[in-house]
Amino acid sequence: MSEGRVKVVEKFPPGRFAETAWVREGRVYEEAGRDYLAFWERAAEELHWFRRWKRVLDRSEAPFYRWFVGGEINITYNCLDRHAESWRRNKVAIIWEGEPGERRVLTYGELLREVGRFANALRSLGVERGDRVTLYMGMVPELPVAMLACARIGAVHSVVFGGFSARALADRINDCEAKVVVTQDGAFRRGRIIPLKDNVDVALREVQSVERVVVLKRADNDVEMHGDRDVWWHELVAGKSPKCDALPVDSEHPLFILYTSGTTGKPKGVLHVHGGYNVGVHLTAKWVFDLKDRDIYWCTADIGWITGHSYIVYGPLSNGATVVMYEGAPDYPSPARWWEIIERYGVTILYTAPTAIRFFMKLGEEWIKGHDLSTLRLLGSVGEPINPRAWLWYHEVVGGRRCPIVDTWWQTETGMIMITPLPGVSTLKPGSASRPFPGVFAKVVDENGEEVKPNQGGYLVITRPWPAMLRTVWGDPERYVKTYFGTFPGMYFTGDGARVDEEGDFWIIGRIDDVINVSGHRLGTAELESALVSHESVAEAAVIGVPHEIKGQAVVAFVVLRDGVESTPELKEELRRHVAEEIGPIAKPEEIHFVSMLPKTRSGKIMRRILRALEEGREIGDVTTLEDVKAIEEVKRTEQE
Ligand code: 7RM
């Protein structure tokens with residue numbers, strides 16, 4: 001987070017998008033700013049309510065805010081019934097492609113019936129309003145079916161990403177005391193089978209609360225079915241009625257718990273509710289992606305993360321959109337898979353993460369060339385700051401220079417996109433997430449909570465409540481208050497650093513705990529990494545701060561070179577010089593290690609903790625969220641050289 005550095009940036013005005021987009025005028029910002037409760041009230045009116053709310057926002061027990069107080073709703077009515085009762089009955093809701101190549105299509109009418117059947121099945125197992133159900137599955141259509149079935153009867157789902165270990169699964173089941181677990185025999189990933197049911201068996205040895213386990217047959221691998229406890233999905237739903245009315249619930253009724261890692265080892269159970277969450281994801285999905293009925297929308301995230309919850313399932317379905325869902329790895333059986341999918345279904349909107357973009361950048365354009373991507377009209381990015389070089393590559397190679405890129409900043413806790421361009425309004429700057437969504441209020445402050453000057457780095461805070469915000473940390477309301485409202489009184493602290501430029505555009509620097517302080521100068525790891533990857537030889541980079549006698553901290557970089565580039569001492573020197581030129585001499589890495597891959601979480605975030613531990617020669621703690629354990633071995637080896 002360097003202070004006062006202003007770079008000349010290329011700008012991309014909305015162009016033709018401004019002619020047809022849902023939002024074409026910047027006026028919405030002022031309108032929402034004048035009366036943000038009226039703004040969100042208008043948004044809520046786009047949904048079906050069984051009973052209208054009495055008050056938009058109740059602050060009496062802040063920071064435990066309540067939205068649409070007194071209202072009755074069920075998010076699944078808005079995602080299913082509303083469309084099935086309209087001309088959309090036979091419109092495709094989900095186009096699914098399995099990793100081995102199967103294809104399935106579910107219309108809104110069919111999805112409603114599948115959800116009804118499974119909702120009745122859950123009830124037959126004794127699941128009632130308020131009960132927790134853990135879903136430990138891969139990217140199969142039955143996962144959204146199970147989520148919606150829970151929500152339909154007022155049960156609370158907790159999706160645990162299929163890449164998590166039995167240990168991590170047990171902790172999450174125990175924390176929310178789930179009554180039922182839904183899983184599958186195995187999940188396909190890169191041609192192999194991940195034994196999900198076996199993991200459940202191991203996890204449940206340490207769990208008391210679970211009464212029943214539902215097992216979907218997907219990969220046909222051998223599993224052990226435990227007599228009274230386990231039941232096959234297909235046997236359970238056989239003979240169940242497809243009709244199950246959506247249960248009207250209070251606006252503030254819990255919808256789901258999703259675990260996210262915090263600064264301590266214990267993951268936080270982030271709780272979201274039916275009413276405000278529905279309003280928030282509905283409007284952001286519609287406006288940010290400019291979702292129209294003819295779009296084929298593909299978000300490549302896994303449903304095990306918030307991005308999948310909000311922008312594969314609830315947001316798009318609430319809008320009656322057609323959603324593409326892909327089960328497997330992006331490079332299976334070849335790195336052409338994604339581009340084939342886009343061509344096959346005529347995808348018009350693609351929402352993905354910078355780590356994926358850089359992965360394809362590294363592989364080279366030949367996997368993309370030759371595929372017809374001309375249907376694409378909008379691109380999105382989420383998960384981490386997108387470095388300008390990756391932005392420009394995405395824009396040119398994937399988007400053919402036609403498509404705006406919406407760089408969307410948000411969190412598991414915010415539930416919905418918070419800082420983002422509106423594609424028909426915003427002038428895009430590669431690397432900037434643009435401005436707070438209308439009705440959202442963010443600023444950058446110093447240690448005392450005072451707003452900083454333009455281009456000065458500081459802490460990103462949200463100054464007013466928003467409808468899709470988390471309501472608490474499950475079972476630990478004190479942690480909710482302390483983590484999010486304990487740093488700056490009256491403001492939600494995001495944990496991220498940012499700066500706002502002189503035009504009011506936000507530049508997210510990254511997590512505060514990823515800030516390196518060199519001789520009193522604050523440097524964001526993301527900023528340093530962006531500088532490194534702007535060099536033509538570099539594919540990916542991760543930096544950490546290590547203790548330094550004189551400077552306090554020094555910068556150490558781990559660099560993955562582009563294919564065919566040789567790792568020489570001269571190149572190291574050149575990269576150090578390059579960073580000095582990009583940011584300033586203060587940012588020059590003390591050391592650079594060339595590695596062939598970086599340790600990452602399953603959701604693609606670099607695990608600096610691992611790099612730090614390796615650098616300091618410590619043992620590494622829990623690594624169950626690693627995308628590829630091989631990455632650690634690799635780093636270890638180069639460290640020993
Ligand atoms: C949606 C999601 C949240 C953290 C957040 C940031 C980082 C996410 C962006 C971003 C820069 C972005 N939820 N982050 N999006 N940083 N630009 N567009 O990722 O809970 O898993 O992570 O991710 O640090 O605090 S999350």
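Order of appearance sets the numbers: ligands from 1, and atoms from 1 within every ligand.
The distance criterion of under 3.5 Å between nitrogen or oxygen atoms is met by Gln411 with respect to ligand 1. The N/O atoms of Asp407, backbone and side chain alike, include one that comes under 3.5 Å of an N/O atom in ligand 1. Of the N or O atoms in Asp496, one or more lie within a sub-3.5 Å distance of an N or O in ligand 1.
Set against the non-hydrogen atoms of Ile508, the atoms of ligand 1 under 4.0 Å away are 11 (C), 16 (N). Interface of Val382 with ligand 1, defined as ligand atoms under 4.0 Å from a residue heavy atom, comprises 1 (C). Atom numbering of ligand 1 starts at 1 in the shown order; those under 4.0 Å from a heavy atom of Thr307 are 1 (C).
Nearest protein heavy-atom contact of atom 21 (O) of ligand 1 is Lys605 CE, 3.6 Å. When hydrogens are left out, the protein atom nearest atom 3 (C) of ligand 1 is Trp410 O, 3.6 Å; that is the closest non-hydrogen contact. The single protein non-hydrogen atom nearest to atom 12 (C) of ligand 1 is Glu384 O, 3.5 Å, given as residue, atom name and distance.
Between Lys600 and Glu540 there is a salt bridge, since at least one side-chain N of the basic residue sits less than 4.0 Å from a carboxylate O of the acidic one. Ion pair Arg608/Glu615 not flagged as a salt bridge, since none of the NZ, NE, NH1 or NH2 atoms sits closer than 4.0 Å to an Asp/Glu carboxylate oxygen. Of the charged side-chain nitrogens involved, none lies within less than 4.0 Å of a carboxylate oxygen, so that Arg189 and Glu327 do not count as a salt-bridged pair. Note on Glu450 versus Lys443: no salt bridge recorded, every NZ/NE/NH1/NH2 to OD/OE distance being 4.0 Å or above.
Remark: the Asn199 side chain and the Tyr136 side chain contain an N/O donor-acceptor pair separated by less than 3.5 Å. Side-chain contact check for Ser318 and Asn78: no donor-acceptor pair (N or O, by modelled atom type) lies under 3.5 Å.
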- [ ] Under the side chain to side chain donor-acceptor pair (under 3.5 Å) rule, what do Thr408 and Thr420 come out as? Steps first, then yes or no, please.
- [x] CA-CA 5 Å; Thr408 62; Thr420 177; 5.7 Å; no
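Of the candidates Ala353, Ser434, Pro354, Pro385, Pro385 brings a heavy atom nearest to atom 16 (N) of ligand 1. With atom 13 (N) of ligand 1 as the reference point, the heavy atom nearest to it among Val406, Thr408, Thr412 is part of Thr412.
Contact annotation: Gly383 has at least one heavy atom less than 4.0 Å from an atom of ligand 1. In this structure, Trp305 does not count as a contact residue of ligand 1, since none of its heavy atoms falls inside 4.0 Å of the ligand.
By the 30° and 60° cut-offs, the orientation of the rings of His157 relative to His309 is tilted.
At a heavy-atom cutoff of 4.0 Å, ligand 1 is contacted by no atom of Ile419, backbone or side chain.
Taking the six-membered ring where the residue is Trp, the centroids of Tyr311 and Trp305 are separated by 6.0 Å or more.
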